Every structure is written in C-alpha cells, then in structure tokens.
Asker: 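Got a structure here, written out as structure tokens. Questions coming.
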Amino acid sequence: MPNKLKILNDPIYGFIQIPNSLVFDIMEDPYFQRLRRIAQMGLSSLVYPGAIHTRFHHALGCIYLMQKAVRVLRFKQIDISEEEENALYITILLHDIGHGPFSHALEHSLVNGVSHEEISLQFMHKLNKKFDGKLSLAIEIFEGKYPRKFLCQLISSQLDIDRLDYLKRDSFYTGVTEGNISSDRLIVMMDVTNDELVIEQKGIYSVEKFLIARRLMYWQVYLHKTSLVAENMLVNVLKRAKELAENCVDLFASNAFAYFLYNKIDKDNFNENTLEMFSKLDDYDILLSIKEWVHHEDKVLSTLSKMIVERKLLKVEMQSERFSEAYVAKKMQKFQEKLQLTESEISYFVFTHEIKNQAYTSEKPIFIINKKGKLNDIAKASDQLNLQALTKPVIKHIICYPK
C-alpha cells in the first residue's frame, strides 16, 4: 500500500501535512489535479511577474489553515467531531474546484449563467459517488445547510479560511507587502459563541489590518487597471471566437475548448457530459488557441490574440464618474477609422467597464466578543474611523482603447 500521509513543502507555511488517506485520494483525483493548471490570479502575472501560483497552491494553503483552526477551537473546548473535522478539510480543499481557465476572468464566458460555486458543487456530487458517499457532510457544509453555523462560516464568511490564505498567498507571490496579513494570529483569536464564529477582543487590531489589507490588495492587485484591461481583452477574444464559431468558422481548439466554443452551454443543459468536458479544460487550452489565433484570417480575433501574446495591451483610463457617451463615441469613431473596422468590430477594442470594491459589509458581520461576552460588529467595535468607510462600496469606471 502506498504511503498516503504525505508532507508537502509550501513556500509560505512550510510543511503541510495531508491529514488522512481520504483527503489524499481526493487530491489524487484528476478533477483536483486540474487545479495545477488554473492560475490563481488570472492574467495578473502581466503586472506582477511572480503571480504565477495556481488554485492547487491555494487549496493546499487552505487545508493547512483549516487544520490550525480546528486545533485552536478544540483547545477552547469547542466540540468538533472527527466526521465534522474531515468534512471541513474536504470542503475547503474543493471549494474552488469549479473554477474555469484563468479563474474569474472567464467565469461567465464559457458557460452562461453558471457560477464557479455551482460547478464546484457538481464536481463534489460526482466525487461523492466515486467515494461512496463520504463527501455528503462536506457538501452540506459547502451549501451552508449544516445546522452548526460556525462550521459553514469557516468555509464562507467575511473572515473565512479561503480569504485568510488567498490574501497572504497573493501578497507573497506579487510582492505587494500591504496584503501580508497575520493569518496565524487571526485563527488563534477565533472562538465560537451561540454557534457563531467570533474573534476575541484582543484580536481586534488583527481584524482591522485584515480588512485594510483586503481593500489595498483589491485596488493595488485584483483591480489593477492593467490586469483589468488584460482580462477584458481575454473575455473579448473568447467572445469573438464564439461569434465566429456560431457562424461555422473553423477555429483551432482542443476538443474540450471546441465543445464550449461550438455549443451554447447554460444552466439548462449543463449535464454530466458537460461537466466531464469542463474537467478537461484549463489555462493551457486557452493559451494554445490564442497563440494559434494570432495567424487567423479574422482581423479582430488575430489582432486581439497578438496583443495578449505580445503584451501590447489597450490603453486604459480610470475615474470615479461614468465616462460620457460623447467621449466614448469620439474614441470609437477615431479608432474605427484608424483601424478600418466596422461598427460592430470596434466594440472589441473600445469599451467601458464598471468596477466595484467593498472591503467589508455589515450584512454578514465579523463579530468581536468582549470580556463580558457581548458581541459587536467590528465596524462599531473598532476605534478606526477607516472601517466605517470600508463598509461603503467604491465604484470606479474604466475606458479601454488602442494606444
């Protein structure tokens, strides 16, 4: 029998121990191994060259932090059964398994109206059949249906294990130190009151730093204007490819990619066969096609593909107010004449986009528990005036056009 109690070396946390043979077997499954070929941060590596880590890295980091959270809560006399513990490990391991190529960039481009969470759930049900129902409790926690609320909050909340890893990991790989949170300290400060995940009073400053770090990472990394324009161009390449495919134009693509290009896939027809095809699709399929499309006879497809491959991206302007229709029309007319494109074709090169950043919402608050056992929303418990400001969504607008 092979040794399944492996120890993996992570550049952030050091040695990560695989907790049991079931978790190891799930990790060995092709569905999970696919995450090695899905970039965690889409095309952010065009801005931050080190940001080439994958969803696989992130899932490993999450399972390490979840092990630490279980140990801390048990030390504080919170009852977590062995079955619940294993379910937490499986849920956090698989929470991102439904991500498509380049993570969020193509989320609604390949499949209409089906989120990565819904696809993750389908993968989990498929794996549950493979592993004779051993993922049933994990699925219940993932869906937020398990009666013990704090277990669901460890998977999905404003201070969940997912966020504690991706902020620290993305900060590490981009080199943006503002996002380097103390995930260890935040986990040690966790407790449970009335089935609610809470943070002890002395951990308040760590939560403040976490929320501020999240805001800074969004503006500096996730919503960096060059990353935004690259991802929008990637979406436009796929949009053009699907438009050509609808008109029966021959396009170079792998079997899995061709399936999504030449078929309209939505919530109604996303079946087991579609899931299998999706499981064979990753960043490599998209990149290989884009490299080939550089030489395609369609001017829009080849130009956009070449711009991405050579990193000759569109120019981008960002501001708080919406760009006027007259300004957008002027840019469109200018570049339509310059590039000799039709009215429908120019929309691939000149377009606007709205972005929103809200670091914290009080709808599902992070609770701070004081020494008397009273719970307070972090936004009210904190003496940081900035935190009240973080509850308001900040909306900005961008316009992209050729240089």
Side-chain angles (χ1 to χ4, degrees), residues 18-32 34-35 55-56 58-74 76-99 107 111 113-166 187 190-198 267 270-272 274-276 278-279 363-367:
I18 307 304
N20 56 55
S21 59
L22 175 60
V23 169
F24 177 82
D25 288 338
I26 292 170
M27 287 174 64
E28 288 285 279
D29 191 274
Y31 289 165
F32 186 78
R34 168 182 162 272
L35 296 183
R55 291 273 159 194
F56 186 86
H58 169 54
L60 289 180
C62 284
I63 208 163
Y64 169 84
L65 292 180
M66 188 62 84
Q67 286 174 294
K68 186 178 275 286
V70 169
R71 283 197 302 272
V72 165
L73 293 177
R74 277 181 174 162
K76 295 180 182 180
Q77 308 301 309
I78 307 302
D79 180 44
I80 299 172
S81 71
E82 192 177 330
E83 191 187 2
E84 289 170 335
E85 177 187 3
N86 282 335
L88 284 173
Y89 297 154
I90 293 166
T91 311
I92 202 66
L93 187 72
L94 299 177
H95 77 282
D96 275 345
I97 200 170
H99 268 293
E107 184 161 338
V111 181
V114 185
S115 68
H116 74 268
E117 289 93 352
E118 291 171 286
I119 299 172
S120 292
L121 189 58
Q122 289 209 32
F123 274 126
M124 289 171 81
H125 280 298
K126 197 81 187 286
L127 286 166
N128 200 27
K129 286 180 186 174
K130 278 189 191 181
F131 290 96
D132 303 320
K134 291 176 183 173
L135 280 72
S136 297
L137 183 55
I139 290 169
E140 202 177 336
I141 291 172
F142 180 78
E143 291 184 289
K145 293 177 179 176
Y146 193 60
R148 303 192 75 190
K149 186 180 176 184
F150 77 93
L151 295 177
C152 302
Q153 289 175 320
L154 284 168
I155 302 296
S156 179
S157 64
Q158 289 198 88
L159 193 59
D160 55 34
I161 297 298
D162 174 34
R163 295 185 188 196
L164 292 184
D165 181 76
Y166 80 64
I187 289 172
M190 284 180 176
D191 205 342
V192 175
T193 299
N194 300 328
D195 214 35
E196 186 91 37
L197 193 67
V198 298
K267 194 172 277 194
F270 196 100
N271 52 33
E272 277 204 27
T274 308
L275 189 70
E276 279 305 307
F278 191 87
S279 74
E363 288 173 16
K364 292 181 179 178
I366 298 171
F367 282 119

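The structure presented is a predicted model; accordingly, all values stated were derived computationally and were not measured.
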Asker: Just wondering, do Tyr89 and Leu22 contact through their side chains at under 4.5 Å, heavy atoms?
Answerer: no
Asker: Establish, yes or no, whether the cationic atom of Lys126 lies under 6.0 Å from the six-membered ring centre of Phe131 and within 45° of the ring axis.
Answerer: no
Asker: State, yes or no, whether a side-chain contact exists between Glu140 and Pro147 at a heavy-atom distance under 4.5 Å.
Answerer: yes
Asker: Output yes when a side-chain donor or acceptor of Glu107 lies under 3.5 Å from a complementary backbone atom of His116, and no otherwise.
Answerer: yes
Asker: Run the side-chain contact (heavy atoms from CB on, under 4.5 Å) test on Gln122 and Phe278 for me, step by step, so that the C-alpha distance in whole Å, both residues' side-chain angles and the decisive distance to 0.1 Å come before the verdict.
Answerer: CA-CA 11 Å; Gln122 289 209 32; Phe278 191 87; over 6 Å; no
Asker: Taking the side chain as every heavy atom from C-beta outward, state whether Ile155 and Ile161 have any atom pair closer than 4.5 Å.
Answerer: no
Asker: About how many Å separate CD1 of Ile92 and OG of Ser156, when rounded to the nearest 0.5 Å?
Answerer: 9.0 Å
Asker: Does Asn194 have any side-chain hydrogen bond (donor to acceptor under 3.5 Å, both in side chains) partners at least two apart in sequence or in another chain, and if so, which?
Answerer: none
Asker: So which heavy atom on Met190 is nearest to which on Val72, and how close?
Answerer: O-CG1, 4.1 Å
Asker: Donor-acceptor pair, distance only, cut-off 3.5 Å: does the side chain of Arg74 make one with the backbone of Ile80?
Answerer: yes
Asker: Could you tell me whether the side chain of Thr91 and the main chain of Ala138 form a donor-acceptor pair under 3.5 Å?
Answerer: yes
Asker: Compute the centroid of each ring, for Phe56 and then for Phe32, and state whether the two points are separated by less than 6.0 Å.
Answerer: yes
Asker: Can you check side-chain contact (heavy atoms from CB on, under 4.5 Å) on Val192 and Val198, steps first, answer last?
Answerer: CA-CA 6 Å; Val192 175; Val198 298; 5.9 Å; no
Asker: Side chains of Tyr31 and Leu94, heavy atoms from C-beta outward: is any pair under 4.5 Å?
Answerer: no
Asker: Could you report the tightest heavy-atom contact between Ala59 and Leu93, atom names first, then the distance?
Answerer: CB-O, 3.7 Å
Asker: Scan Leu88, Asp165, Ile90 and name whichever one has a side chain to side chain contact (heavy atoms under 4.5 Å, CB included) with Met66.
Answerer: Leu88
Asker: Before giving the answer on side-chain contact (heavy atoms from CB on, under 4.5 Å), spell out for Leu121 and Phe142 the whole-Å C-alpha distance, their side-chain angles and the decisive distance to 0.1 Å.
Answerer: CA-CA 8 Å; Leu121 189 58; Phe142 180 78; 3.8 Å; yes
Asker: Give the C-alpha distance, both sets of side-chain angles, the deciding distance and a yes or no for side-chain contact (heavy atoms from CB on, under 4.5 Å) between Lys130 and Leu135.
Answerer: CA-CA 10 Å; Lys130 278 189 191 181; Leu135 280 72; over 6 Å; no
Asker: Heavy-atom distance under 4.5 Å between the side chains of Asp191 and Leu197, does that happen here?
Answerer: no
Asker: Find the distance between CG (Leu164) and SG (Cys62) and round it off to the nearest 0.5 Å.
Answerer: 8.5 Å
Asker: Are Leu73 and Leu154 close enough that some pair of their side-chain heavy atoms sits under 4.5 Å apart?
Answerer: yes
Asker: Would you name the heavy atoms of Leu151 and Tyr146 that are closest together and state the gap between them?
Answerer: CD1-CE2, 3.4 Å
Asker: With sequence neighbours excluded, what pairs up with Glu118 under the salt bridge (charged side-chain N to carboxylate O under 4.0 Å, His left out) test?
Answerer: Lys267
Asker: Is it true that the side chains of Ser136 and Asn128 contain a donor and an acceptor less than 3.5 Å apart?
Answerer: yes
Asker: Can you see whether Asn271 engages Thr274 through a side-chain donor-acceptor pair at a distance of less than 3.5 angstrom?
Answerer: yes
Asker: Could you pull out the closest heavy-atom pair between Gly98 and Ser120, with the gap in Å?
Answerer: N-OG, 2.8 Å
Asker: Examine distances only and state if a side-chain atom of Arg34 and a backbone atom of Ile97 form a donor-acceptor pair shorter than 3.5 Å.
Answerer: yes
Asker: Quick one: ring pair (Phe, Tyr, Trp, His ring centres under 6.0 Å) partners of His58, sequence neighbours excluded?
Answerer: His95
Asker: Should Gln67 and Pro19 count as side-chain neighbours, where that means a heavy-atom distance under 4.5 Å?
Answerer: yes
Asker: Under a 3.5 Å distance rule, please check whether Asp160 uses its side chain to pair with a backbone N or O of Gln153 as donor and acceptor.
Answerer: no
Asker: Could you state the interatomic distance from CG (Leu65) to CG (Leu60), rounded to the nearest 0.5 Å?
Answerer: 11.0 Å
Asker: Checking Glu83 against Ser81: is there a side-chain donor and acceptor pair closer than 3.5 Å?
Answerer: no
Asker: Tell me whether Lys76 at atom NZ has more than 12 heavy atoms from other residues, nucleotides or ligands lying less than 6.0 Å away.
Answerer: yes
Asker: Do the charged groups of Glu272 and Lys129 touch, with an N to O distance under 4.0 Å?
Answerer: yes
